[in-house]
Amino acid sequence: MKVGVLALQGAFTRHCDVLTALGAVPLEVRTPVDLEAVDAMVIPGGESTTMSMLLDSSGLRTPLAGRMADGLPVLGTCAGMILLAVRVTDGRPDQRSFAAIDIDVRRNGYGRQVDSFEDEFPVAGLDGPFHGVFIRAPVVERVGPTVEVLARVDTIPVLCREGSVLVSSFHPEMSGDGRIHERFLDLAFSV
Ligand code: GLN
């Protein structure tokens, strides 16, 4: 199970650690050639505006969009969720997303850096609550009819799935709890 982790910018290292602990093989993806080797992909947290720029300069945007259109399973966390959403409010005008999951998000919707927070919430299909770390997280403002909401905090969706695309507004790699990644691997490789 070779799982690419987009390593252009942001919080990719811990994703690799969690994937390794679960028995998957993480591959840092920086170029279109790196992408060819992977069977699933993680788009980490970080800065979606910067990542959007780097997706263009690395030449990764078009091949990654192509792989996703062909069904590549993807986990997007925080900035990764923003990059996979259909519509982004409060983004930079030149930032572009993949529209891989039918949700709209508001970038930095919970406020600024000081408004980062942690919370525990139930996740559909998991035994016991998950401890989520939210760092300048996006707020999900619309969820399409084919999207499954797997977790909410104060009625706002924080974990959503459509097909083999899974997105979280929190950082699941920072909780010392691999259950969200495990769920993603099940989703990606159980067919
Ligand atoms: N606020 C960041 C952005 O707009 C996301 C923050 C994160 O990934 N932790 O991309």
Side-chain angles (χ1 to χ4, degrees), residues 3-19 26 28-30 40-58 60-61 64-65 68 74-121 123 130-143 149-154 156-162 165-181 183-184:
V3 182
V5 181
L6 189 68
L8 298 173
Q9 188 266 342
F12 52 88
T13 315
R14 284 209 195 181
H15 279 289
C16 295
D17 297 343
V18 179
L19 291 165
E28 294 183 5
V29 172
R30 295 187 179 82
M41 190 73 195
V42 175
I43 305 187
E47 184 48 60
S48 59
T49 53
T50 307
M51 257 190 259
S52 180
M53 256 166 41
L54 294 172
L55 279 164
D56 289 321
S57 58
S58 65
L60 269 169
R61 184 182 298 275
L64 185 50
M68 288 197 266
V74 187
L75 168 65
T77 63
C78 203
M81 171 190 252
I82 297 172
L83 286 165
L84 292 168
V86 162
R87 187 156 170 269
V88 178
T89 309
D90 289 346
R92 255 179 46 166
D94 58 346
Q95 109 177 68
R96 291 196 290 144
S97 53
F98 288 108
I101 181 166
D102 188 18
I103 61 169
D104 296 346
V105 300
R106 181 173 298 275
R107 189 171 158 253
N108 299 335
Y110 290 99
R112 301 177 65 83
Q113 192 76 32
V114 287
D115 299 311
S116 297
F117 62 99
E118 301 187 17
D119 207 345
E120 297 218 336
F121 45 84
V123 173
F130 195 88
H131 184 94
V133 179
F134 295 79
I135 305 171
R136 285 198 309 138
V139 168
V140 176
E141 294 191 323
R142 184 194 64 86
V143 169
V149 176
L150 297 169
R152 297 176 190 267
V153 170
D154 299 334
I156 297 174
V158 296
L159 181 67
C160 301
R161 180 191 74 88
E162 185 176 19
V165 179
L166 182 65
V167 292
S168 66
S169 51
F170 55 95
H171 279 254
E173 80 285 8
M174 289 184 70
S175 304
D177 180 342
R179 289 179 296 160
I180 302 291
H181 292 76
R183 179 71 165 266
F184 174 61

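Hydrogens, waters and symmetry mates play no part in the numbers below; they use all other heavy atoms, side chains included. Counting starts at 1 for both ligands and their atoms, following the listed order. Since this is a predicted model, take the numbers as computed values, not measurements. All residue numbers refer to positions in the sequence shown, counting from 1.
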inquiry  = Tell me the nearest of S48, G46, G45, P44 to atom 5 (C) of ligand 1, using heavy-atom distances.
reply    = G46
V18, L19, V3, T13 screened by side-chain contact (heavy atoms from CB on, under 4.5 Å) with P26, the one that passes = L19
task = Please state whether H171 comes within less than 4.0 angstrom of ligand 1, counting heavy atoms only.
result = yes
ask   = Is the F130 ring parallel, tilted or perpendicular to the F121 ring (thresholds 30°, 60°)?
value = tilted
Polar atom proximity, R136 to ligand 1 (N or O, under 3.5 Å) = yes
request  = Check whether any N or O atom of C78, backbone or side chain, sits under 3.5 Å from an N or O atom of ligand 1, and answer yes or no.
outcome  = no
request  = Look at atom 1 (N) of ligand 1 and say which protein heavy atom is nearest, naming residue and atom and giving the distance to 0.1 Å.
outcome  = N108 OD1, 2.6 Å
Heavy-atom nearest neighbour in the protein, as seen from atom 4 (O) of ligand 1, with distance rounded to 0.1 Å = R107 NE, 2.5 Å
request  = With salt bridge (Lys or Arg N to Asp or Glu O under 4.0 Å) as the test, would you mind laying out the steps for R92 and E47 before giving the verdict?
outcome  = CA-CA 11 Å; R92 255 179 46 166; E47 184 48 60; over 6 Å; no
remark   = ligand 1 atoms nearer than 4.0 angstrom to some heavy atom of I82 are 3 (C), 4 (O), 10 (O)
ask   = Taking all atoms of both residues into account, what is the closest heavy-atom pair of D119 and V153, and its distance?
value = OD2-CG1, 3.4 Å
request  = Kindly indicate, with the supporting measurements, whether the criterion salt bridge (Lys or Arg N to Asp or Glu O under 4.0 Å) is fulfilled by D90 and R107.
outcome  = CA-CA 5 Å; D90 289 346; R107 189 171 158 253; over 6 Å; no
query = E118 and H131: side-chain hydrogen bond (donor to acceptor under 3.5 Å, both in side chains), yes or no, with the steps?
reply = CA-CA 7 Å; E118 301 187 17; H131 184 94; 2.6 Å; yes
